[in-house]
Each structure stands twice: as structure tokens, then as C-alpha cells.
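Below you'll find the structure, written out as C-alpha cells, and then a few comments.
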Amino acid sequence: MILNTELEHKGNLFPNKIVSFKKDVDKIYFYTANNVVLQVTVIRDSVLRFRFTTVGSFSRDFSYAISSQASRGYNQLDITETTESYEISTSKIICVISKKDLKTVLYDAVDKTLICQDELGFHWEESYELGGDIVKMSKHSETSESFYGLGDKPCQNNLKGKRFENWVTDSYAFGKDTDPIYKAIPFYIGLHSKKSYGIFFDNTFKTYFDFCHERRSVTSFWAMGGEMNYYFIYGPEMNDVIANYTDLTGRPKHLPPLWALGYHQCKWSYFPEAKVKEVTQKFRELKIPCDAIYLDIDYMDGFRCFTWNKDYFPDPKRMVAELADDGFKTIVIIDPGIKIDPDYWVFQEGLENKYFCKRADGPYVKGKVWPGECYFPDFTNPKVREWWADLFKELIEEIGVKGVWNDMNEPAVMDVPGKSFPDDVRHNYDGSNCSHRKAHNVYGMQMARATYHGLKKFSYPKRPFVITRAAYSGTQRYTSTWTGDNVATWEHLQIANAQAQRMSLSGFSFVGSDIGGFAEQPNGELYARWIQLGVFHPFCRTHSSGDHGDQEPYAFGTNITDIVRKFIEIRYQLLPYLYTAFWKYIEEGVPIIKSLVVYDQEDQQTYFRNDEFIYGESILVCPIVEPNSKGRRMYFPNGKWYNFFNNELIEGGEEKWVDADIDTLPVFVKEGAIIPKYPIQQYVGELEITELKIDVYYKLGKESSMVYEDGQDGYDYMKGRYSIRNFNLVGKEDVLIIQQFKSGKFTTSYEIIELNIIGLPFEKGIVEVDNEIIDYSAIQSNIVRARKDFTEIRIYNKYCEIPLKE
Ligand code: GLC
């Protein structure tokens with residue numbers, strides 16, 4: 001059955017009046033005359049969970065999405081009763097629940113603004129055919145409300161007016177607005193009255209979201225089974241909504257190794273060994289930095305996971321070691337389908353231990369993928385996950401592979417309707433058996449989780465690196481991701497940008513696209529423009545289907561190679577900046593890239609912007625998304641912005657034309673920012689960092705920035721061996737002051753910090769470093785060098801007579 005409309009379905013049932021109520025610590029229960037129970041849990045002052053049952057009692061409370069480390073605890077919880085309603089108040093939210101029909105209205109506790117209000121509220125339809133309820137929720141949409149989120153939807157940023165489905169799907173050569181595609185992230189953010197809130201509908205069945213599409217002032221979401229179980233997360237700042245969402249569903253368990261933030265080169269496929277070497281050598285010869293080289297399915301013996309094609313790769317351990325000597329980490333693909341082959345050990349083990357998924361009536365699910373007919377491990381079974389994790393021992397511990405790329409894990413099945421398992425397939429679901437209807441959206445997530453645990457175990461004491469294609473909310477705890485099989489077109493360059501931003505604001509920051517496009521062939525211009533964008537995405541990899549020609553940075557002629565090299569070099573210079581943003585993402589839940597609306601929700605100009613985004617805390621990037629461009633118009637958020645390439649200062653708050661010929665891109669730095677840079681390296685760790693360069697962008701006023709560093713791999717940083725430099729910049733008319741506060745026990749390899757002062761409105765004269773005066777007046781350049789642990793630097797106007805101390 002296909003549910004076309006949420007509202008017009010005739011069989012809707014609604015809760016009756018509340019007949020009793022009970023409070024149990026942080027949970028409040030409301031019972032209605034017709035057996036509906038609403039359980040409201042106060043998770044934090046700004047996070048409430050709403051859970052409904054229509055049968056009088058709840059079944060097991062279990063979620064793959066919610067992190068075991070999610071914070072709990074609130075400052076205030078009051079419940080009051082009036083003749084019409086119950087009122088639950090925390091220090092952030094007031095939630096009013098109507099006694100008549102369980103409908104809920106949520107207000108900002110501080111200024112009493114209405115934030116979110118039920119329209120029909122919770123209702124449901126009994127489905128004889130599916131054997132459960134179709135659970136539904138509808139809410140009023142406020143005037144001019146905007147909507148964001150939902151993971152990888154390939155459409156414009158603001159979701160208003162659209163309807164979506166969440167059902168992870170293999171979507172080769174998907175297009176703009178194709179829905180659904182690879183990921184199911186049932187989380188969105190609403191924004192009106194300059195205040196934002198989030199709704200996370202933690203239901204793994206097929207879910208739908210309608211943002212004023214069916215009816216102009218109504219937003220609704222529903223699922224084809226399971227519970228109406230959603231979290232309301234109040235901001236009012238979007239960054240706080242996202243931070244609270246990632247607190248609930250988790251953040252990466254640790255930082256990636258720094259090399260994983262370098263540039264990655266991939267293709268379907270590089271083989272045999274000689275070809276792999278040819279590619280890696282070319283990178284070194286042409287001095288194009290690169291840290292990772294990928295082996296797609298052809299490295300395997302007949303596409304059997306955990307095997308090698310010995311004709312192509314006679315001695316993988318030696319090859320991987322040789323690549324490592326040259327700075328390349330080898331990453332291999334692993335798919336879920338296990339070839340049906342009685343002589344294949346992985347198949348034998350899976351069969352003997354009953355690890356493969358079965359149909360409802362008993363036989364194994366058989367499906368065609370690359371190796372031909374396959375069986376599929378049930379990753380929702382904890383024992384299967386343990387077994388799977390252990391399968392990586394040889395690859396990682398013995399052969400030395402550094403990362404694993406999980407693909408086809410929707411799971412994708414070829415040549416069948418729905419491109420995946422049939423609905424009746426059974427899953428363990430961590431102890432409460434269920435059908436594929438419930439497990440489908442988490443299958444890939446659980447595969448990535450098992451892979452992560454394997455890599456973590458066998459990579460120790462180094463950090464693991466995993467990539468996944470399919471994901472459900474919470475998958476960001478284990479792995480990075482890419483946006484799947486896109487196409488080498490200009491439109492797809494734009495889609496890649498929208499998807500990366502959307503994934504970031506949906507809590508999953510470690511994301512990138514197949515640079516250049518997977519299907520078809522980009523020309524040099526498109527490839528260069530895509531690299532220019534891709535180096536500002538947290539995961540940066542060129543990948544292509546390989547059947548349309550070459551797609552390496554050097555495949556498009558010298559001009560393009562030079563441009564691509566220049567931008568990959570910028571990525572490497574900015575590694576400490578990206579690493580710091582990653583640390584902030586893990587520590588505070590701040591997305592690594594931010595759509596302009598996330599950056600400044602006070603400014604309504606940002607609500608419908610798609611192309612511009614903020615990379616880290618203070619770099620504004622706007623890709624060029626059309627051929628033959630000499631530049632473009634773009635929106636500058638409020639404040640002043642320095643051109644990254646020529647330091648020209650621009651006043652924000654409006655749209656402006658920016659020149660950007662093929663060798664450059666509109667990239668700007670917020671005034672007052674301090675941007676750390678490493679020297680250009682061909683791979684992470686090639687050079688010992690002997691000094692940290694920081695670009696200091698003058699601002700009249702104050703700004704703070706930070707730089708996070710550690711051993712770049714391993715877990716010592718979790719024991720305090722990290723270095724955080726907090727900088728305060730204070731710009732005045734005649735002096736620029738930079739203060740540094742250091743914390744952490746890591747000793748960086750360099751002794752000197754070199755400050756490159758940009759935008760100083762006066763001529764540099766005397767410089768004071770920790771009260772010691774250095775006369776720089778004869779030195780023309782804007783460089784100041786200081787011991788790395790300086791606490792205060794003052795740069796005075798050359799014509800200001802006496803250094804003014806306040
Ligand atoms: C899928 C993946 C793609 C990969 C190919 C072959 O299409 O999305 O990245 O190269 O399979 O393994």
C-alpha cells in the first residue's frame with residue numbers, strides 16, 4: 001500500500017480525553033479514555049521526548065539512534081493543572097497538553113513566544129494489512145516558517161513546500177529532488193520568529209515528512225509502523241538545536257586521524273598493483289598532495305569480501321607497506337553481500353553460525369550484487385556484528401589497510417523490485433525480532449558500526465577510519481560518509497554543496513561528494529570547480545565510475561592540474577583549522593560547515609540561500625556552479641569579510657559580485673579571525689611542523705578564536721595530551737592586541753608562531769611580545785614572530801608616540 005496523503009485518509013483515529021495522569025521522576029504519563037498513553041520525558045530543559053501508544057502500554061524502549069552517552073538532567077520541572085490542560089515547564093520550554101484531546105502547544109519559557117503547536121496532533125490508522133498502526137502527527141506551521149534538515153535530500157536548503165520519504169535506497173545517478181536516496185535522517189529544524197527548534201522522529205520504519213506541501217500551514221510526519229516517538233529540541237539558536245540533536249544521537253566517538261582530513265583519490269577501479277603505483281607516483285611526481293588511495297571491488301577475488309585477487313595484487317601486504325612508505329594510506333571497499341560459495345570461508349562461517357538474514361518462512365534471503373548471488377549478514381544481531389568486526393583482523397592488522405569503505409549497505413540488491421530486501425525478511429534487531437520494514441533503514445548503519453568496531457580493534461593504537469553510503473540518525477558516531485553515485489554535471493556540483501550543508505545541519509558533518517561526479521565524465525573546468533568546492537568539505541575524495549575516462553587531478557591538462565594542486569594545497573595548509581573545527585564538532589556539536597541560516601538566523605536574507613556556506617568558524621565559501629564563469633553574485637552575511645586571496649575587505653549584509661576566474665574561488669575570512677596554517681605537505685606527517693603560521697585578520701573590536709592540536713592520531717589526546725590555544729584579538733585604532741591562553745598537555749613540535757597580520761589600518765611600528773619591546777618599524781612586512789607560548793602581543797602604530805598601556 002502506498003500512502004499518498006497523511007490527512008485525507010479516512011481511517012484516522014484520535015486520542016480521547018485524558019482520564020488520568022502520573023509523574024514518575026522525569027516521565028509524565030497521560031492516559032486517555034480510548035487507551036492512548038502519552039509519555040513525556042524531560043531529557044533536558046530544552047529537550048522533551050513525546051512517545052505515544054494506542055494499546056495502553058509501551059513495548060521495549062530501544063533505539064539505534066540514541067547515544068548511550070546522551071546527557072540527561074534539567075534545572076527545572078514543574079507540572080501544573082488547569083481545568084483545560086496540564087502544563088509542563090522547564091527553564092526553557094512550557095508544554096501545554098490539552099485534556100480534551102492530548103494536543104500540545106510548546107512555548108519559549110522565557111518570553112512566552114509560541115514555538116510549535118499541534119494541528120491534528122497525534123492520530124493513527126490501524127493497518128490490517130501491515131499488522132500495526134500507521135502513526136501520524138501534524139503541526140501548525142507558523143507564518144513564514146522555514147524548514148531545514150533531513151540528511152541527504154538533494155534539493156534546495158529550505159524544505160518548505162515539499163514532501164519527503166525516508167527509506168534508504170541505492171540511487172545510481174540520482175537527480176535533483178530524487179527522493180528517497182541513500183540516507184534516512186528523520187530530523188528537521190523549524191525556524192520562525194527568528195527562533196528555531198528541532199524535531200527528531202526516532203522511528204526506523206518508512207517515514208514521511210510534509211512541510212506545508214499538502215496544506216499550506218501544516219507540517220506533518222508519519223511512519224508506516226512503530227511508535228509515534230519524537231524529540232522536541234528547542235534552540236532558540238539553530239546551533240543549539242544541532243548541538244542537542246548530536247548530543248542525543250551522538251557525535252563521532254573520537255577525532256579522525258589527521259591524514260583522513262587530507263585529500264583522497266579513488267576510482268572504480270585502480271588495478272592491478274602497477275596501476276595503483278602509477279597513480280600514486282604521479283601524485284608525488286606532480287606534487288599534488290594526497291593521503292589516501294582506494295581499492296574498489298576489483299581488488300577482491302571474484303568480489304568476495306575479505307579476499308584478494310592474487311593476479312592483480314600478488315602481495316598486498318608488501319604493496320600496502322610500499323604505499324605507506326610513500327605516505328599513502330590504503331583504503332578498501334567492503335560490501336555486505338557475501339557470495340554464495342561453499343568453498344569461501346566467510347560464507348561458510350556465516351552459514352554455520354546462522355548469521356545470514358532469512359525470509360519469513362525460513363529460507364535465506366538471496367540477492368544479486370557484484371559477486372553474483374549472495375547471502376547477507378544480519379547486522380542487527382550483536383553476535384553478527386562481533387563476527388563481522390573480527391573479519392577485519394587480517395586486512396587491518398596484518399596487511400596494514402588503514403580504512404574501510406562500506407558500500408551497497410542499504411542493502412542494495414540488483415534487478416529486484418525496490419532494489420533491496422522484501423518486507424518479510426526477518427531481523428534480530430538486537431533481541432526483538434522484526435521484519436525488514438523496521439530494520440531496513442538501520443541495516444547500513446549497523447554494518448558501519450560493526451566495521452568501525454573491527455577497525456578500532458585492529459588499528460589500535462591508531463584511530464580507525466570508515467566510510468558508509470547508507471545511514472540512519474546516529475551513524476555519525478562511527479563513520480564518515482559520502483553522497484553516493486552522483487553525476488558529472490554542473491547541477492550535481494550544486495547538489496553536492498546542498499547535500500553537504502544539509503548533512504552537517506542534520507548532525508553528520510564528516511561528509512563529502514564524489515568530486516567530479518561518479519557517473520559520466522566532467523570536463524576540466526567542471527572538475528576544477530568541483531575540487532574548489534570539495535576541498536572545503538570535511539571529507540574530500542575524487543571518485544568516478546571509471547568507465548568514462550580518467551578523473552585524477554592531472555587528467556585534464558596542465559592548466560587544470562595547476563588549479564587543482566593550488567586548491568588541494570590550500571586544504572593542506574588549512575588542516576589545523578579543519579582539525580580544530582572537527583574538535584569543536586565532537587566537543588560541542590557545532591557543525592563543521594554551516595549554511596548561512598545556521599550562521600546567522602537573525603538575518604532573514606539567509607533563509608533561502610543555498611550556495612554560500614561557512615567552513616569552520618570563519619571562512620565564507622561560495623562555489624562557482626556554472627560553466628564559463630568569470631565570477632558570480634553572492635550574499636555576504638553581516639560583518640566585514642577579507643578576500644582570502646587578495647585581502648580586500650568587503651562590507652557584508654548584501655549581495656555582491658565577486659570576480660572568480662577559473663583559477664580562483666570566492667573565499668572570504670571574517671574580520672577578527674585567526675586562521676592557523678601548516679606548511680604544504682604531500683601527505684600528513686611528511687614534514688615536521690617547525691612553526692605554526694597564523695593569519696591574523698585585523699578587526700576594530702574583539703574576537704576570539706582557537707587552535708586545537710594533538711598527536712594527529714592515537715588516543716593520547718583523550719588523556720589530556722592535546723594543545724589548545726585560545727586567542728583573543730582586540731583591535732583598536734592605534735594598536736592590535738593578541739592574547740593567548742594555552743591549555744592541554746601536548747607539546748607541539750614547533751617553537752615559533754609566525755603571525756601574518758592582515759588588514760592593519762596603520763603602519764606597523766613597535767611590537768611588544770610579553771612586555772618585551774621589539775622595534776619592527778624598519779621591517780616592512782606584516783610578519784611578527786614569537787615564542788609559541790607568548791601570552792600577549794601588541795602591535796603599535798608606527799606613528800603612535802608612546803605605547804599606550806591601559
Ligand atoms: C557503488 C558505489 C560506488 C562504487 C561502485 C563499485 O555504485 O556507490 O562508489 O564505486 O558501487 O563498487
Side-chain angles (χ1 to χ4, degrees), residues 152 154 168-175 178 180-183 264-271 275-276 279 292-309 312-313 330-339 367-372 374 376 395 401 403-416 419-420 443-445 447-448 451 465-471 475 479-488 492 495-496 499 503 511-522 530 534 537 539-552:
D152 65 345
V168 299
T169 305
D170 177 12
S171 310
Y172 173 79
F174 63 93
T178 303
I181 57 168
Y182 301 94
K183 295 169 180 83
H264 300 213
Q265 182 65 37
C266 187
K267 178 185 180 162
W268 177 16
S269 277
Y270 291 128
F271 71 89
K275 179 69 196 177
V276 177
V279 173
I293 185 82
Y294 283 62
L295 302 180
D296 204 327
I297 47 175
D298 299 284
Y299 79 90
M300 302 175 192
D301 171 17
F303 306 131
R304 289 169 188 82
C305 292
F306 307 101
T307 67
W308 290 82
N309 179 320
Y312 297 152
F313 298 99
T330 305
I331 297 180
V332 301
I333 197 166
I334 290 283
D335 291 346
I338 299 300
K339 187 178 175 67
K368 205 173 136 229
V369 208
W370 309 122
C374 291
F376 300 83
L395 259 182
V401 164
V404 170
W405 167 28
N406 279 170
D407 186 26
M408 308 295 274
N409 54 350
E410 291 70 30
V413 180
M414 292 163 175
D415 309 329
V416 294
K419 303 188 211 167
S420 191
Y443 185 88
M445 172 195 196
M447 178 191 185
T451 302
F465 176 65
V466 180
I467 314 158
T468 184
R469 193 169 74 174
T475 310
T479 168
S480 64
T481 189
W482 91 107
T483 56
D485 296 345
N486 57 5
V487 188
H492 260 277
I495 293 173
Q499 286 184 299
M503 285 295 287
V511 60
S513 63
D514 281 352
I515 294 176
F518 177 73
E520 298 175 23
Q521 171 79 344
W530 209 316
H537 283 165
F539 175 54
C540 178
R541 178 183 80 159
T542 292
H543 181 41
S544 66
S545 61
D547 44 8
H548 299 275
D550 293 338
Q551 203 160 303
E552 292 78 30

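Here, residue 1 is the first one in the sequence, and each next residue gets the next number. Both ligands and their constituent atoms are indexed starting at 1 by order of listing. For clarity, every value in this text was computed on a predicted model and none was experimentally measured.
With sequence neighbours excluded, no residue satisfies ring pair (Phe, Tyr, Trp, His ring centres under 6.0 Å) with Phe303.
Aromatic ring centres of His543 and Trp405 lie closer together than 6.0 Å.
For the pair Tyr294/Ile331, a side-chain contact is recorded, criterion being any heavy-atom separation below 4.5 Å from C-beta on.
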Quick check for students: name every N or O atom pair between ligand 1 and the protein closer than 3.5 Å, with distances.
residue, atom, partner, partner atom, Å
ligand 1, 7 (O), Asp485, OD1, 3.4
ligand 1, 7 (O), Asp485, OD2, 2.7
ligand 1, 8 (O), Asp407, OD1, 3.4
ligand 1, 8 (O), Arg469, NH1, 2.7
ligand 1, 8 (O), Asp485, OD1, 2.5
ligand 1, 8 (O), Asp485, OD2, 3.3
ligand 1, 9 (O), His543, NE2, 3.0
ligand 1, 10 (O), Asp296, OD2, 2.5
ligand 1, 10 (O), His543, NE2, 2.8
ligand 1, 11 (O), Asp407, OD2, 2.9
ligand 1, 12 (O), Asp296, OD1, 2.6

Trp530/Thr542 under side-chain hydrogen bond (donor to acceptor under 3.5 Å, both in side chains): CA gap, chis, key distance, verdict: CA-CA 9 Å; Trp530 209 316; Thr542 292; over 6 Å; no
Begin with the C-alpha distance, continue with both residues' side-chain angles, and end with the deciding distance and a verdict on side-chain hydrogen bond (donor to acceptor under 3.5 Å, both in side chains) for Glu552 and Tyr270. CA-CA 11 Å; Glu552 292 78 30; Tyr270 291 128; 2.6 Å; yes
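Shown are Asp485, Asp152, Ile181; of these, the side chain to side chain contact (heavy atoms under 4.5 Å, CB included) with Ser171 is made only by Ile181.
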